[in-house]
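Indexing begins at 1, ligand by ligand and atom by atom, following the structure's order.
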Amino acid sequence: MRSLLLPLPLLLVAAYPVGGSPQPQPSPLAPLGASVPFWVRLSPELVEVAPGRSVWLNCSTSCPLPTKPSLSTQLRRGRTATGPGWVSYELVNVTAWSSIARCHATCAGETRQAIARINAYKRPRSVILEPPVRAGGRYTLRCHVTQLFPVGFLVVTLRRGGRVIYFESLERYKGLDLANVTLTYTFRARPSDLWQLVTCHARLNLDGLVVRSSSAPVILAALDWSPESKALAFSSIVAFVGILLAVGTASLRRCLATRS
Ligand SMILES: *[C@@H]1O[C@H](CO)[C@@H](O)[C@H](O)[C@H]1NC(C)=O
Ligand SMILES: *[C@@H]1O[C@H](CO)[C@@H](O)[C@H](O)[C@H]1NC(C)=O
Ligand SMILES: *[C@@H]1O[C@H](CO)[C@@H](O)[C@H](O)[C@H]1NC(C)=O
């Protein structure tokens, strides 16, 4: 078959004449009505990036015609690089927790697309449970979860002797910055609590990707009253359970500065 030796662009032109209906002599390789075999690829298909950072996506196509694939996304673009059949796009300052980008290419009148997902998250830098304060027949636990993103997907759990005694979901917070979270929880001391271990756990539940961090265990001891623990216990009893959230662009900038 001599037609096998024809360069592909010629075959495409034969099968899809510009501006007219298909000719009544079908080519053996591209029969009438059949679509042109070509692919569009966007890679990587799933990228994980620290909030505020940038990422490169490569949009490529096997279409033999000199068409440039193009990218559509709500993320901000930076630089681009191109080569035969591909364009690489930089997406900068990714602060949305999850976004998509679409790569389109048109080959002989047919458009195809490929999709990539870009997820921005940061696991907590630290999860610290302060030594429990015992005052007025109660223990007060204070757990600090620092520099995480996105805070709305965080669940903080306190465990005593391995059992969950309290958990709090922060889904009501929609911030777009790194966050510090402090959970305060007070409970009545029982004799059986003495010398039990307590731990604090942070879980980011990101649509299937689960990121866990835990504090070192601390022991429930029978501590004496000290002036500071008295003050802490009183303030904690007023705010029986509390979440304190600190978010700031300052901390995001600092985090990026230390990373680069
Ligand atoms: C983009 O993808 C194409 C085809 O897969 C490859 O040839 C090219 O080297 C890639 N470019 C970059 C910058 O990775
Ligand atoms: C990154 O995006 C955030 C939120 O959209 C914005 O407040 C910040 O100014 C941007 N930073 C840079 C360096 O463009
Ligand atoms: C969060 O905590 C870190 C370390 O503990 C601290 O450096 C940073 O300033 C805090 N950020 C905010 C917004 O409070």
Close-contact set for ligand 1 against Asn58 heavy atoms, below 4.0 Å: 1 (C), 2 (O), 3 (C), 8 (C), 10 (C), 11 (N), 12 (C), 14 (O)
Gln147 and ligand 3 - part of the residue with a heavy-atom distance under 4.0 Å: side chain
Quiz item: cation-pi between Arg112 and Phe38, 6.0 Å / 45°: yes
Sub-4.0 Å heavy-atom contact, Ser88 with ligand 1: yes
Note, Leu71 side chain near Val87 side chain (heavy atom, < 4.5 Å): no
Ligand 3 contact by His144, heavy-atom criterion under 4.0 angstrom: no
Ring geometry between Tyr139 and Phe187 (parallel below 30°, tilted from 30 to 60°, perpendicular above 60°): tilted
Element-labelled atoms of ligand 3 that are located less than 4.0 Å from some non-hydrogen atom of Arg125: 4 (C)
Closest to atom 2 (O) of ligand 3 among Asn180, Val181, Leu148 (heavy-atom distance): Asn180
Ring-ring centroid check Phe149 Tyr121, cutoff 6.0 Å: no
Residues Ser98, Asn119; criterion side chain to side chain donor-acceptor pair (under 3.5 Å); working and verdict: CA-CA 4 Å; Ser98 192; Asn119 290 346; 2.8 Å; yes
